[in-house]
There are 2 protein chains.
Amino acid sequence: MNDTNLTDRQYSILKFICDVIDEMSRPPTVREIGHEFSIDSTKGVADHLDALERKGWIEREPGQARGIRPVRERTKKLLGPDDGLPIVGSVVAGGPSLARENLEGILKLDDLFPNRDDLFALRVRGDSMSGAGIYKGDIVIVRGQPQADMGDIVVAIVDDELGTVKKLSKIGEKIHLEPANPDYDTIVKKPGEVEIRGKVIGVIRKM
Amino acid sequence: MNDTNLTDRQYSILKFICDVIDEMSRPPTVREIGHEFSIDSTKGVADHLDALERKGWIEREPGQARGIRPVRERTKKLLGPDDGLPIVGSVVAGGPSLARENLEGILKLDDLFPNRDDLFALRVRGDSMSGAGIYKGDIVIVRGQPQADMGDIVVAIVDDELGTVKKLSKIGEKIHLEPANPDYDTIVKKPGEVEIRGKVIGVIRKM
DNA sequence: TATTGTACTAAACATTTGTTTAGTAGTCAA
DNA sequence: TTGACTACTAAACAAATGTTTAGTACAATA
């Protein structure tokens, strides 16, 4: 039988295990679970763990203390927005709230921008890119790299100033750093006068 | 003595503990740490744990299996971008990479948009708000609420359709849902024909 | 009706694990 | 040169913990 349906009791215990890990950075012991649910025999708990393991919600390492490991790919969707936001596929009329059924996924920064060592975030200082949907105060996600292609929006350093966010283009021998706002001028420099520090791959704005 | 400086050995062990928790959802045992670092006596490990605890980097629960808990407020800053991105205050000339010294903080979605139950995320379907820096494919962060103020960007349902993102205004008795793109028309409806589902409080774009 | 799955008790067992005692050796600052 | 800190070994102890055996009771299913 390949049943994955959990009983209420099994669901509660799975949720408790995940909650304990979140709060305590470690799974509960069999007896701690038993105490929480007033199960006086460790075998009672072990039966639930057997069921959760058989149904594919946890993994266990035999003989290891606190050897319960929730299968994260499943539990993070089941248990909802614990450290992410629910992404709803559509907002439809009628329903008073966000039904779990419309859930398209959980929004986590790490899923969107996998956290490699070369990524960093930078708060935007001016309005020069407002025409490209990057406003003052926005946070841009940048992949650190010393080169970039034509058309990329880059973080660059000119004249030893702080980093500026502009669109990169090369015309002849010159490097152009173009704003996306007519109030600002394009910066034209020779190669060597411009130090490219990274490419903008994302934007986060809090309004 | 209120020293917080860690030796190389202590740092390595602290990092190992945090890494194991990340990967295994549980802390290592004293003997597992010893095995990793070729320390044959549990007392050798215990000495390091004593030092880490005394210096305030971990907490322990005496007698508990795997009773080591890193002090998260400190370790997440020390160990860097494990589930967040470093926010650099400024990008300056010279430095080849992101120096930890310029670190302004760690970008975590939960810090930006504290995860209350009334928040959700929605992927934007059309271009109608491109003039307000919200493009097709962007993810908007929405606070679910049945009303909104003039000028708010809202998620609304009109004619039982899927949710649409527009700027709200009220002119006389009519409700206006204004796009930020001249290619689209303003939707004008009577109250009761429009169901407001939430207010847009953030935007995330991956390019 | 027999079987399977759920949900437990009670008791004992074996292992894992944290802790302690006793000691060695090196470094560094007062 | 004494003391404090680091960094360990070796051995033993006690507590925490997972596992097993032998049952009971109930509901759903074939």
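Sequence lines set the chain letters: A, B, ... in the order given, protein chains first and strands last, and positions in each chain run from 1.
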*B:R26/A:E61 ion pair, N-O < 4.0 Å*: yes
Rounded to whole Å, CD of A:E53 lies from P of C:dG5 at a distance of 15 Å
Among the nucleotides C:dT6, D:dT9, D:dT17, whichever has the atom closest to the side chain of B:D40 is D:dT9
* Asked: Below 4.0 angstrom from OP1 or OP2 of D:dT6, is there any side-chain N or O of B:H48?
  -> no
Whole-Å distance, A:R54 CZ to C:dG5 P, equals 6 Å
task = Take B:K189 and B:E195 through the salt bridge (charged side-chain N to carboxylate O under 4.0 Å, His left out) test and state the conclusion after the steps.
result = CA-CA 11 Å; B:K189 291 283 174 181; B:E195 190 181 340; over 6 Å; no
On DNA chain D, more 5' by nearest nucleotide between B:I39 and B:R66 is B:I39
Side chains of B:K166 and B:T164: is there a donor and an acceptor less than 3.5 Å apart?
yes
Sorted by chain and number, sequence neighbours left out, salt bridge (charged side-chain N to carboxylate O under 4.0 Å, His left out) with A:D50 holds for A:R60
B:L14 CG to D:dT6 C1', in whole Å, measures 17 Å
If you apply the rule salt bridge (charged side-chain N to carboxylate O under 4.0 Å, His left out), what do you find for B:K136 with B:D127, and how did you get there? CA-CA 5 Å; B:K136 186 177 175 180; B:D127 296 317; 5.7 Å; no
In whole angstroms, the gap separating C1' of C:dT19 from CG of B:L49 amounts to 12 Å
note: A:I33, atom CD1; D:dA16, atom C1'; distance rounded to Å ~ 15 Å
Separation of D:dG18 atom C1' from A:I17 atom CD1, nearest Å, is 14 Å
Taken to the nearest whole Å, CG/A:L52 to C1'/C:dG5 is 14 Å
Check: Have A:Q10 and A:K55 got a donor and an acceptor in their side chains that come within less than 3.5 Å?
Finding: yes
Once base and sugar-phosphate atoms are separated, protein heavy atoms under 4.0 Å mark nucleotides 19-30 of chain D, 5' to 3', with B, S and - as BBBB--------
Interatomic distance, CE@B:M150 vs CD1@B:I175, rounded to 0.5 Å, equals 11.0 Å
Students should find that the end-to-end axis angle of the helix from C:dT1-D:dA30 to C:dA30-D:dT1, with five pairs defining each axis and rounding to 10 degrees, is 30°
Considering only heavy side-chain atoms of B:T29, the closest of C:dC8, D:dT6, C:dG18 is C:dG18
Shortest non-hydrogen pair, A:R72 vs A:C18, comes out as NH1-SG, 4.1 Å
Looking at B:R69 and A:E23, does any basic side-chain N land under 4.0 Å from a carboxylate oxygen? no
note: A:E32, atom CD; D:dA15, atom C1'; distance rounded to Å ~ 14 Å
